[in-house]
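Ligands are counted one by one from 1 in listed order, and the atoms in each one are counted from 1 as well.
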Amino acid sequence: MTISGPTDGVSELVVVANRLPVEYSDDSAQARWRRSPGGLVSALEPALRGRRATWIGWSGQLPAEGEETLDLPDELDGLGIVGVDLTAEQVELFYEGFSNGALWPLYHDAVATPAYHRLEYEAYHEVNRVFADAVAAQAPEGGTVWVHDYQLQLVPAMLRDARPDLRIGFFLHIPFPPVELFAQLPWRRQLLEGLLGADLVGFQTHDGAQNFLGATRRLLGLEPGGDRVDVPDGSGHRTVRVQDFPIGIDAEGFDALARTPEVQARALEMRREMGGFRLLFLGVDRLDYTKGIDVRLRAFSEALEEGLLDASDVTMLQVAVPSRGNVEEYQRIRDDIELLVGRVNGDLGRLGDPAIHYLHQPIPREELVAMYVAADVLLVTPLRDGMNLVAKEYIACRTVSTGAVILSEFTGAAKQLEAAFIVNPYDIDAVKRALASAAGSSPEELTRRMEKLRANVFEDDVDRWVRTFLATLEGTVP
Ligand code: ADQ
């Protein structure tokens with residue numbers, strides 16, 4: 001295990017996440033590292049600008065036997081970069097195993113069966129220790145550390161042990177489950193204690209924060225009150241704040257990109273390429289069993305079969321970005337979805353005119369925004385989702401306040417985006433009715449809804465999320 005990167009220890013804010021915000025590109029004459037598009041780094045970028053910050057994470061490199069890892073840059077656009085190296089075995093056990101085979105399904109209502117393996121938990125513990133050691137070595141005296149997401153839930157306590165001088169924040173990007181589910185976890189106590197090492201534990205929703213506080217009561221015998229819980233600390237106690245901080249997007253950035261003539265022209269071209277229909281339904285997701293992609297495909301095809309939607313009038317585009325392909329459940333969901341797309345198109349498509357256009361590939365930002373501009377109805381039907389940024393991105397791109405969002409009530413986003421067509425994704429008939437209802441709404445009704453949605457997305461944007469979290473952590477909010 002090696003740690004690489006700057007060691008002057010002068011950065012003011014340390015961000016810790018499983019992945020570094022960089023990717024290696026050798027497609028130019030000069031092979032080099034560059035910022036990876038999207039994700040957490042874009043979210044944090046505005047807040048990181050103007051303060052010294054270092055990001056600690058894994059670069060994603062797994063060199064073959066005998067090969068060296070590529071040296072990371074010390075800095076990228078002013079952001080300090082510190083790489084944590086992981087072995088192939090650690091990635092398999094810690095990341096694909098415990099993080100994505102146990103925690104991910106458990107935290108998403110166990111919609112797939114979580115698998116609890118002791119060896120995988122040991123690797124999770126070991127890798128969390130590596131991250132905590134890297135931060136302890138980097139963070140300046142009295143500095144602020146912001147730890148991200150379910151892969152690193154033991155880091156706050158490990159870090160507090162090593163560096164009690166630090167101010168430690170943790171944010172969970174996925175849901176925190178009700179205690180009845182969380183209690184399944186053989187290492188429930190360790191995870192709760194790990195998180196309680198932080199000064200501030202943030203969740204996407206009020207429910208997530210309450211579930212966590214409830215778990216500290218039920219499983220640790222603590223006595224939370226309001227948005228705080230006191231935890232034993234030496235001979236006294238320490239107060240941990242527990243609150244919801246719903247994540248937002250760079251709404252202005254999406255809006256500006258959507259307005260460019262290139263994107264507008266591409267959106268028109270896309271609609272032409274997909275045939276002469278009146279309404280385009282769109283789904284955009286990481287290919288994940290929590291996203292309810294099958295739900296919307298079923299609802300769409302039934303709506304066509306039953307004449308709720310007119311096949312000559314509508315089409316659907318489903319984009320699924322490849323994800324966690326080494327985890328078995330993900331291979332299965334891919335097969336299921338592709339079988340379903342094939343069936344629907346076999347039954348309902350015509351030559352050159354499929355009912356569902358399906359892409360299983362990453363899409364460049366401009367192209368994705370053109371899809372948002374082109375689509376009349378966005379379908380977001382997860383069985384459970386921490387927030388769901390796709391819904392917010394679509395809304396930010398609807399610059400003329402048209403379009404509709406069908407949104408699962410089990411997303412964090414549904415708590416904010418009340419003017420969407422909110423559905424229970426387990427109720428296919430209700431999803432079908434929502435499709436018909438969105439398709440049949442008057443332009444005035446859709447504009448009325450979209451104006452509200454845009455106000456939500458622009459007000460609670462990512463800049464606000466970062467500022468609120470850090471201000472709460474750094475104590476400027478009482
Ligand atoms: P995700 O589960 O990845 O995030 P989501 O919030 O929808 O889910 O973010 C997906 C991102 O990937 C979006 O920014 C989207 O634009 C992008 N994307 C999707 N398909 C793509 C494609 N084919 N090509 C390129 N980009 C694509 C986790 C949690 C969420 C939470 C976020 C942020 O599961 O609930 O909202 O973190 O906290």
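- Comment: Glu338 engages Arg334 in a salt bridge, judged by a side-chain N to carboxylate O separation of less than 4.0 angstrom.
- At least one N or O atom of Gln361 sits closer than 3.5 Å to an N or O atom of ligand 1.
- For Trp104, every heavy-atom contact with ligand 1 shorter than 4.0 Å involves the side chain, none the backbone.
- Residues Phe94 and Trp58 place their aromatic rings such that the two centres sit no closer than 6.0 Å.
- For Tyr330 and Asp288, the side-chain atoms include at least one donor-acceptor pair closer than 3.5 Å.
- Considering backbone and side-chain atoms together, Gly386 places an N or O closer than 3.5 Å to an N or O of ligand 1.
- Using cut-offs of 30° and 60° for the angle between ring planes, the Phe171 and Trp465 rings count as perpendicular.
- Among pairs with a residue in residues 373-389, those fulfilling side chain to side chain donor-acceptor pair (under 3.5 Å) read Asp109-Arg384, Arg271-Asp376, Lys291-Asp385, Arg296-Thr381, Asp385-Asn388, at least two apart in sequence or across chains.
- Ligand 1 lies nowhere less than 4.0 angstrom from a heavy atom belonging to Arg365.
- Checked against a 3.5 angstrom limit, the closest N/O atoms of Met387 and ligand 1 fall inside it.
- The ligand atoms of ligand 1 that sit less than 4.0 angstrom from a heavy atom of Glu393 are 13 (C), 14 (O), 15 (C), 16 (O).
- At a heavy-atom cutoff of 4.0 Å, ligand 1 is contacted by the backbone of Asp285 but not by its side chain.
- In this structure, Tyr107 has its ring center no closer than 6.0 Å to that of Tyr150.
- Nearest to atom 18 (N) of ligand 1 by heavy atom, out of Ile174, Leu172, Asn388, Val284, is Val284.
- For the pair Tyr150 and ligand 1, no heavy-atom separation below 4.0 Å is found.
- Close contacts of ligand 1 with Gln204, meaning ligand atoms under 4.0 Å from a residue heavy atom, involve 31 (C), 38 (O).
- Checked for salt-bridge contact, Arg266 and Glu269 meet the test: a charged N lies under 4.0 Å from a carboxylate O.
- Centroid-to-centroid, the aromatic rings of Tyr116 and Tyr121 stay 6.0 Å apart or farther.
- The shortest N or O to N or O distance between Ile363 and ligand 1 is below 3.5 Å.
- Heavy-atom contacts of Val319 reach the following atoms of ligand 1: 23 (N) (cutoff under 4.0 Å).
- Residue Val390 touches ligand 1 through backbone and side chain together, judged by heavy-atom distances below 4.0 Å.
- For atom 34 (O) of ligand 1, the candidate residues are Asp385, Leu389, Asp288; the nearest heavy-atom contact is made by Asp385.
- Taking a cut-off of under 4.0 Å to the non-hydrogen atoms of Arg286, the atoms of ligand 1 that pass are 1 (P), 2 (O), 3 (O).
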> How far apart are the C-alpha atoms of Phe245 and Phe203, what are their side-chain angles, what is the distance that settles it, and do they pass the ring-ring contact (aromatic ring centres under 6.0 Å, His included) test?
Replying inline: CA-CA 6 Å; Phe245 299 88; Phe203 296 90; 9.4 Å; no
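- The salt bridge (charged side-chain N to carboxylate O under 4.0 Å, His left out) test applied to Arg259 returns Asp255, not counting sequence neighbours.
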